[in-house]
Amino acid sequence: MAETLAALHGPTDGTVTLSRHLDWSGHAEYDLNRPTRLASMYKVVLTETSTVEDLHTWLNADLLRRLWPTLWLPPQLRQHWEDAFPELAPTRSNAT
């Protein structure tokens with residue numbers, strides 16, 4: 001878990017290829033200018049990471065805030081992040 005959202009300085013545009021330990025699907029290349037691929041990448045990083053370094057490398061605080069209401073995440077993971085960063089919780093609609 002990141003200590004602060006401000007520490008998340010990942011890419012905001014272009015195409016990125018996630019490390020194999022995060023995405024072994026064969027579709028690890030993400031065009032961040034395509035909203036569905038951007039959301040998919042954030043879901044993969046949030047659900048598959050085991051290091052803070054991965055969060056810092058791949059996630060961007062502003063994009064995370066923007067995507068949060070519509071990201072599909074396991075309920076326990078979403079709750080864990082919202083407990084750590086209460087500013088995310090009020091942005092959530094009915095997404096689960």
Side-chain angles (χ1 to χ4, degrees):
M1 174 69 59
E3 289 184 27
T4 68
L5 290 182
L8 305 177
H9 293 290
T12 59
D13 63 5
T15 301
V16 300
T17 302
L18 290 180
S19 304
R20 187 170 288 281
H21 71 275
L22 290 172
D23 189 334
W24 56 91
S25 70
H27 302 286
E29 187 172 284
Y30 295 86
D31 180 349
L32 303 185
N33 299 314
R34 293 180 55 207
T36 56
R37 291 300 287 160
L38 175 64
S40 290
M41 185 195 93
Y42 271 63
K43 176 186 174 191
V44 167
V45 171
L46 287 164
T47 58
E48 299 299 328
T49 192
S50 61
T51 70
V52 173
E53 291 76 25
D54 282 336
L55 296 173
H56 292 177
T57 299
W58 299 111
L59 302 183
N60 176 276
D62 291 336
L63 286 178
L64 181 62
R65 284 185 198 97
R66 190 180 89 209
L67 292 170
W68 192 256
T70 58
L71 278 178
W72 181 93
L73 297 170
Q76 284 183 309
L77 179 63
R78 179 176 291 279
Q79 191 62 54
H80 185 68
W81 274 79
E82 289 179 358
D83 289 346
F85 306 110
E87 65 266 38
L88 291 175
T91 67
R92 185 161 53 108
S93 59
N94 292 326
T96 56

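The structure presented is a predicted model; accordingly, all values stated were derived computationally and were not measured.
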For residues 4-18, dump all side-chain donor-acceptor pairs below 3.5 Å to protein atoms at least two apart in sequence or in another chain.
unit_1, atom_1, unit_2, atom_2, d
T4, OG1, A7, N, 3.2
H9, NE2, A6, O, 2.8

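- Hydrophobic clustering (ILVMFWY, side-chain heavy atoms < 4.5 Å, transitive): L77 and L22 are in one cluster.
- You'll find the side chain of L64 stays beyond 4.5 Å of the side chain of F85, heavy atoms only.
- Shown here are the side chain to side chain donor-acceptor pair (under 3.5 Å) partners of N60, two or more places apart in sequence or in another chain: there are none.
- Residues passing the side chain to side chain donor-acceptor pair (under 3.5 Å) test with H56, sequence neighbours excluded: none.
- Two different hydrophobic clusters hold L46 and W24 under the rule that ILVMFWY side chains link at heavy-atom gaps under 4.5 Å.
- Nearest heavy-atom pair, D23 versus G26, reported as atom, atom and distance to 0.1 Å: OD1-N, 4.3 Å.
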message = Set out, in order, the CA-CA distance, both residues' side-chain angles and the distance that settles side chain to side chain contact (heavy atoms under 4.5 Å, CB included) for L73 and W81, then state yes or no.
response = CA-CA 10 Å; L73 297 170; W81 274 79; over 6 Å; no

Side chains of residues 32-39: which donor-acceptor pairs under 3.5 Å do they make with residues two or more places apart or in other chains?
unit_1, atom_1, unit_2, atom_2, d
R37, NH2, H27, O, 2.9
R37, NH2, E29, O, 2.6

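- Applying the side-chain hydrogen bond (donor to acceptor under 3.5 Å, both in side chains) test to pairs two or more places apart or on separate chains, those with a residue in residues 42-51 are T49-D54, T51-D54.
- Side-chain contact between L71 and R78 is present, with at least one heavy-atom pair separated by less than 4.5 Å.
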